[in-house]
Chemist: 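Structure provided below as structure tokens; questions to follow.
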Amino acid sequence: MATPRFTVTDALDRLNERPQPRPRIAVHKFSSCDGCQLAFINAGEALLQLAELVDIVHFAEAGPMDPEAAVDLAFVEGSISTPEEAERIQTVRANTRFLVSIGACATSGGLQALRNFNADGAAGWTEAVYAQPEFIHSLDTATPVAEHVKVDLELWGCPVNARQVFQALRQLLFGVAPVVDRDKLCVECKRQQHVCVLVAKGEPCMGPVTHTGCGALCPAFGRDCYACFGPAENPNTAALARRFEGLGLLPEAVARRFHLINSHAPAFRIEWLDWQERS
Amino acid sequence: MQSTALFLPRSSLDALIQALRACGYERVLGPVARDGAITLQALDSASDLPVGVRDRQEPGQYRLGHGEGERCFAWANGPQALKPLTFAPRETLWRCERDAEGGLVFRDAGERNVPTAVIGVRACDLAALKIQERHFLKAPYPDPRYAARRESLFLVAVHCSHPASTCFCASTGDGPRAETGFDLALSELDDGFVVTSGTERGAAVVERLELDRASPAQTAEADAEIEAAARQQVRALPSRNLRDALYARLEHPHWDQVGRRCLSCGNCTAVCPTCFCHAEQDEPALDGSRTDHLRQWDSCFTAVHSYMGHFLVREETRLRYRQWLTHKLASWHDQYDRSGCVGCGRCIAWCPVGIDITAEVEALLEPTDA
Amino acid sequence: MHDPDRPVEVEVVDRVEETPTIYTLHLRFTDPAVAGSYRSRPGQFNMLYLYGVGEVPISIVSDPDFDGPVEHTIRSVGRVTRGMERLRVGDRLGLRGPYGRGWPLEAAEDRDVVIVTGGLGCAPVVSMIRYVLERRERFGRLTILQGVKHTDDLIWRRQYEAWQRLPNTQVLLAADVGGPNWPYSVGKVTVLFDRAGIDPERSIVMLCGPEIMMKASIDRLLALNVPPEALWLSIERNMQCGVGHCGHCQVGPHFVCQDGPVFHYPVLRPWLGVTGF
Amino acid sequence: MTGHREIRIEVPVLARVEGEGALDLIASGGRIETLRLRIFEPPRYFEKFLEGRGYGEVLDIVARICGICPVAYQMTAVQALEQAFGVEPSPWVLRLRRLMYCGEWLQSHALHIHLLALPDFLGFDNGIAMAAKHPDAVRRGLRLQRLGNDLIKLFGGRSVHPVGMRVGGFHRAPDPEQAARVLAELRSALHDAEALVGFTAGLELPEDDQDFLSVALRHEHEYPMFSGRIVSDGGLDIPIEGFPDRFRESHVAHSTALYAHLDERPYLVGPLARLNLNHDRLSAPARAALAATGLRLPSRNMFHSVIARAVEIHEAVLEAIRLLEDYHPEEPAFVPVEPGAGSGCGATEAPRGMLWHRYELDDEGKVLSAWIVPPTSQNQARIEDDLRRSLEAFGLHHDDDALRLRGETVIRNYDPCISCATHFLKVRVQRH
Ligand SMILES: Cc1cc2nc3c(=O)[nH]c(=O)nc-3n(C[C@H](O)[C@H](O)[C@H](O)COP(=O)(O)OP(=O)(O)OC[C@H]3O[C@@H](n4cnc5c(N)ncnc54)[C@H](O)[C@@H]3O)c2cc1C
Ligand code: SF4
Ligand code: SF4
Ligand code: SF4
């Protein structure tokens, strides 16, 4: 469905019905690089300001520890990749009024979702990587949070942008649904007035199918976007892939463009499969 | 106002830049080759200009290269016209502060516009500027921000002598000669420029340079180059008014065909010098005490453009493309008495998949059985 | 130059809960100078601004000649309107307006006014109904035709019943699905036209509601020989600025915010029902 | 009561460390029976993902191993790939890389000192709670951390997974205006950075001397960041290529991270190891500030790690100022790269210690195999060793809470980055 989801009605009502004026928030970590939590930890002054607006009851990396506490708002980083995580995410959901998944790992499985495409499952890899594979408990897949529990708001990106997170948080504190902008990166790239690297250099830029949010960083550095924010709304991946082929990429290289950080996201998965078969 | 043609030797180009500064234009912008394209940047001196640089533009492709000689305007337009200077890609419209009692105070964002001279404006850019002025400054709600920014500009046009393969301004009647709307206009010859002024303030700037009159041979050469430029154009729109033809083809099967190629990425609308769609958004401070109300470029290719809560008026790409094309080439006639296309060809060159408006129109006009 | 994008502050002086999802806000300008110069027409709208959240176009339902607060009846559907639902007396908002063209008051004088609305009640026509009722002598018969999906969707049922009892006023209601407590018609709003006894010569028709409903009604009205020139309709499109700049509200060549939201049917005819416009 | 108390301490999730780990401790009769630092960060198989990818994709992939030190991963990988292709980056590129790396040291160390470690020494649960009582200290930390992030952003647009590096150099030279702004910020932060050295040295740190082996890079004249030989205070002095001959990794049941040993011994990498081995390479002002604290080096007290971090912050600020002062952009900001079959290895000093990579590539420049040894897995054996000794030295008569806190404090000295630790390597018994 291409229609933007602006309304998060039930969960928002639950959030707005919280008894205490200061919301209680938690930041949970699943399989991830910790980079998305840094949106908070790197926020500097804003982090201290936040601590005055809300009670941060659980945020292991920043210190507060109470993983099982009931909260109003839970931020979840990371994908679900072990049996323990599959259970823990249920507890997190049960304990929060509103759940926001942050980052590519949580919204699409992230980079580690590449394991989902391994023919012999993750087990095969465990054997290859570990001396004692029997010590490793891992699922065959790394999947987005929304494949396990109901998610009320998804913030994409690897990593999420701090501005994105704080704007969403501010809107939730106002009691309204955050704006989720799923426009293509090109829209922002042009606002920033970068010279298009696809047109001017023939680079296989993923911008035309990628969700905006980063501020068009890669084109700002004169390089092609590698889609760390995942698919935009209404992405015409097929037309872009054909264009990449026209730029001289082999089918296998075209396939890889869609098979990196958000490989598990349906729009990219389909395109990867298609070009994988051609190569 | 039509002034006498003067001649500015190439070596005096710096003097022109100085004269503009002396007349109070704190910022002098001009073409600079950067990141593989010719873009408007602040000029320190004439040596920043793209001397000997040539461009090659094709659908979905733009490349810079090097040519012969000293000329620094021997290229067609770059990725943006004047639009970003008058219609800002993102700006704060106003700020609002909320006091402890909940009272709201709305304030101006207080942005100051630097008096700016722009060298190298093309005929198509001027035509587009005039269209946008009509849009943003129309009664009863002229936009004061647009007005102030427009007011702060001094425009030095350069008549086109090197159109790209993507240009078709001759067919829309908007170029390659800059007819009006400039303060000064230049025609580049090998050893210098034929200069005419279009306004009093333009004349005041050149007066400082104490230039000789251009010789008849020089003006003749300049005219010949412009005429040749018109003849060189390989693309064209079939008519200056396609309104009825397009309105009659709203259900043409070709919309599906182009819908399959189009990325709906909005690049065409962003580079189009006449597109004006924008969206507004609030950006409150974390502590909630104040908020900025922003406006930023939007595009009829985005979902939010036609968002109506329970549905999108234009969900499918073909409908978004049709909205764009029929607005540009048809309903613009109803709104502003002319087409919204000035033939600059940017949407062709800067479309990542090279969709060509002239070719799409041609396909739409072809008779079908449907 | 006046800044058409900047709102002024208004205060909520009353709030009426119409249904669980519809509420009416009565707004007072905190600057008396602004209040003194504010003039609107039925069918026009304001851009209402919720602090830190955003602006939405909302029709004005209060009487234009009434000096009191400006009234808006709002349905909670999304970000902004749901946020506004939480406003209480004393809270502040931003307001810009009035914008757009309202109903053709002059053309309606001395004629029978037929109001056709559908869906969950339609604010723009409420302002017109009230306008007529306040100035009863200037208009002929008032006929209100309202269609709803479910019987529960009819808000202001009591209001309709009150209007029904007024002289020279006819109220006809239809629901797609009837029920035990539904004494009115069952079916689409179009089933009401035959019963309404519309005089095609004397009537001016004002429509507001979902576009398919309006399209079907217009077809029916034309079949009853109502001339196209007697038809007016109010439509909605996404609006960011309300002053003809942002481009979102275009329907074909028309900017709904400036050329509408009330359109003369012949003007809008080529675009009505065309997917994508 | 010490004698027969059976102590069972479980810290199910360690707070204030990056990633997720836990500590299990079973002791009885005044002796520790079992002590396990469990790292259960889920496996993420990076070395497998890298296989078959183009060399141009490697930097974007390895960055995602760790959100705290993505630059270290990119720096190490770029070094290995350049070695494999025989590319010599220009001195300009190398200077800028050093500058960018300063940013990461700054942000990582500032974060660790102020938000993660300081609460231990000042008696708070966490940095956020501490901010109310020590707003100045916390704000100073946040300022330094932001400055580090700003430095990284100059080169990559964002501090987590920056996008500006490429094999051969940078995609684009930093914007001079932005660089000038960062330089001004750095200058005004110099005082903070210098004061921090004295401040950390003035903390009441536990006295706990132990015997351990320090390992770090060592360069002829620079404080080590991304070049040099691998040295130890036990006399080791080898080129980085020699790493697999002397260092071994093994896998244990309770951890998804691997344990590394040098000649069968646990060893330390990280700020204290670097400082122990390289304090003579600090710049003069950094050496002076350090001397003023009276700290004697080499130090045998792991709690001095916090001081070492402050010294490195000071050094990073000084170094960044020096490098930015004569900054001028260059176009292009990279040397062209001709990919080809081969292999290369890289070693750099990540904030948490030495990071070692090795890649084998095919003739198109696609990765055939990747081998990554992060600092935290190198430290893991050392941490367990330390815990055992420190807790026994601290005294097992302390109550559970005190033991738990001391245990956590000891672990936090190493600033373990658990996400990093779990990108395990292929354990190849013999490689050469
Ligand atoms: C001229 C006019 C008069 C209106 N009068 C009323 C009225 O009196 N009472 C009432 O309840 N509603 C009225 N509406 C509809 C009302 O504007 C929308 O319901 C409202 O904008 C939804 O905003 P939201 O943020 O709550 O919803 P969301 O679904 O979150 O929408 C997000 C944004 O999209 C835009 N948008 C969404 N739906 C519409 C829409 N239907 N029309 C225009 N923009 C939209 C707005 O900018 C909105 O902020 C009117 C609309 C128009 C155009
Ligand atoms: S989405 Fe990216 S930055 Fe965020 S946790 Fe996952 S890998 Fe790290
Ligand atoms: S550089 Fe990429 S994101 Fe920017 S306009 Fe071009 S294709 Fe789009
Ligand atoms: S441009 Fe693309 S890859 Fe680069 S940061 Fe933005 S979304 Fe990520």
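All values below come from the heavy atoms of this structure, side chains included, with hydrogens, waters and symmetry mates left out. Chain identifiers are assigned alphabetically (A, B, ...) following the order of the sequence lines, protein sequences preceding nucleic acid strands; residue numbering begins at 1 within each chain.
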Chemist: Heavy-atom distance under 4.5 Å to chain B: side chain of A:Leu240, backbone, both or neither?
Modeler: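 Both backbone and side chain.
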
Chemist: Quick check: B:Phe136 with B:Phe87 (ring centres under 6.0 Å apart)?
Modeler: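 Aromatic pair counts; centres sit under 6.0 Å.
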
Chemist: Highest number of heavy-atom pairs under 4.5 Å with chain A: which of B:Gln281, B:Gln296, B:Gln80, B:Gln61?
Modeler: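 When all of B:Gln281, B:Gln296, B:Gln80, B:Gln61 are compared, B:Gln296 has the most.
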
Chemist: In terms of heavy-atom pairs under 4.5 Å with chain A, which of B:Gly354, B:Gly36, B:Gly60, B:Ala270 leads?
Modeler: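 Of B:Gly354, B:Gly36, B:Gly60, B:Ala270, B:Gly60 has the most heavy-atom pairs under 4.5 Å with chain A.
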
Chemist: Check the side chains of A:Trp156 and A:Glu154 for a donor-acceptor pair under 3.5 angstrom, ignoring hydrogens and angles.
Modeler: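 There is such a pair (donor and acceptor under 3.5 Å, judged by atom type) between the side chains of A:Glu154 and A:Trp156.
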
Chemist: Among A:Arg18, A:Gln20, A:Arg24, which residue satisfies the side chain to side chain donor-acceptor pair (under 3.5 Å) criterion with A:Asp72?
Modeler: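 Filter result, single survivor: A:Gln20.
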
Chemist: Indicate, with yes or no, if the rings of B:His293 and B:Trp94 have centres closer together than 6.0 Å.
Modeler: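 Yes: the rings meet the under 6.0 Å criterion.
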
Chemist: Quick one: what part of A:Leu50 sits under 4.5 Å from any heavy atom of chain B, side chain, backbone, both or neither?
Modeler: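 Contact with chain B: backbone and side chain both.
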
Chemist: Identify which part of B:Glu283 has an atom lying under 4.5 Å from any heavy atom of chain A, answering side chain, backbone, both or neither.
Modeler: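 For B:Glu283, backbone and side chain are both near chain A.
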
Chemist: Chain A heavy atoms under 4.5 Å from B:Thr39: which part of the residue, side chain, backbone, both or neither?
Modeler: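 Answer is side chain: those atoms of B:Thr39 sit under 4.5 Å from chain A.
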
Chemist: Under a 4.5 Å cutoff for heavy-atom pairs, which residue among A:Arg243, A:Arg191, A:Arg170 has the most contacts with chain B?
Modeler: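 Among the listed options, the one with the most contacts to chain B is A:Arg191.
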
Chemist: Against chain A, label B:Ala349 side chain, backbone, both or neither, depending on which of its atoms sit under 4.5 Å from a heavy atom there.
Modeler: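 Contact with chain A involves the backbone of B:Ala349 alone.
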
Chemist: Taking atom types as modelled, is there a side-chain donor on A:Ser108 or A:Asn262 under 3.5 Å from an acceptor on the other?
Modeler: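 Yes, a side-chain donor-acceptor pair sits under 3.5 Å.
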
Chemist: Which of the residues B:Asp35, B:Leu286, B:Thr269 is involved in the greatest number of heavy-atom pairs with chain A at under 4.5 angstrom?
Modeler: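 It is B:Leu286.
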
Chemist: Chain B heavy atoms under 4.5 Å from A:Glu188: which part of the residue, side chain, backbone, both or neither?
Modeler: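 The answer is the side chain of A:Glu188.
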
Chemist: When you compare the side chains of B:Ser264 and A:Lys184, does any donor N or O come within less than 3.5 Å of an acceptor on the partner?
Modeler: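 Distance-only check passes for B:Ser264 and A:Lys184.
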
Chemist: Under 4.5 Å, counting heavy-atom pairs only, tell me which of B:Arg63, B:Arg90, B:Glu316, B:Arg260 racks up the most with chain A.
Modeler: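 Top count of heavy-atom pairs under 4.5 Å with chain A: B:Arg63.
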
Chemist: Taking all heavy atoms of B:Asp356 and all of B:Arg235, pick out the closest pair and write down the distance.
Modeler: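 Closest heavy-atom pair between B:Asp356 and B:Arg235: OD2-NE, 2.6 Å.
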
Chemist: Find the one option among A:Asp183, A:Leu198, A:Val187 whose heavy-atom pairs under 4.5 Å with chain B are most numerous.
Modeler: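 When all of A:Asp183, A:Leu198, A:Val187 are compared, A:Asp183 has the most.
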
Chemist: Is it true that A:Phe59 and A:Phe75 have ring centroids separated by less than 6.0 Å?
Modeler: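 No; A:Phe75 has its ring centre 6.0 Å or more from that of A:Phe59.
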
Chemist: Within this structure, what is the CG-CZ distance for the pair B:Leu312 and B:Arg314, rounded to the nearest 0.5 Å?
Modeler: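 These two atoms lie 9.5 Å from each other.
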
Chemist: Examine whether an atom of A:Lys190 lies under 4.5 Å from a heavy atom of chain B, and if so say whether it belongs to the side chain, the backbone or both; otherwise answer neither.
Modeler: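 Both backbone and side chain.
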
Chemist: Could you check, using the six-membered ring where one of them is a Trp, whether B:Tyr62 and B:Trp350 have ring centers closer than 6.0 angstrom?
Modeler: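 Centroid distance B:Tyr62-B:Trp350: below 6.0 Å, so yes.
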
Chemist: Do you know which of B:Ala88, B:Gly78, B:Ser299, B:Pro84 has the most heavy-atom pairs under 4.5 Å to chain A?
Modeler: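 Answer, by heavy-atom pair count under 4.5 Å with chain A: B:Pro84.
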
Chemist: Go through B:Ala285, B:Ala37, B:Pro352 and name the one with the most non-hydrogen pairs under 4.5 angstrom from chain A.
Modeler: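 Most heavy-atom pairs within the cutoff with chain A belong to B:Pro352.
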
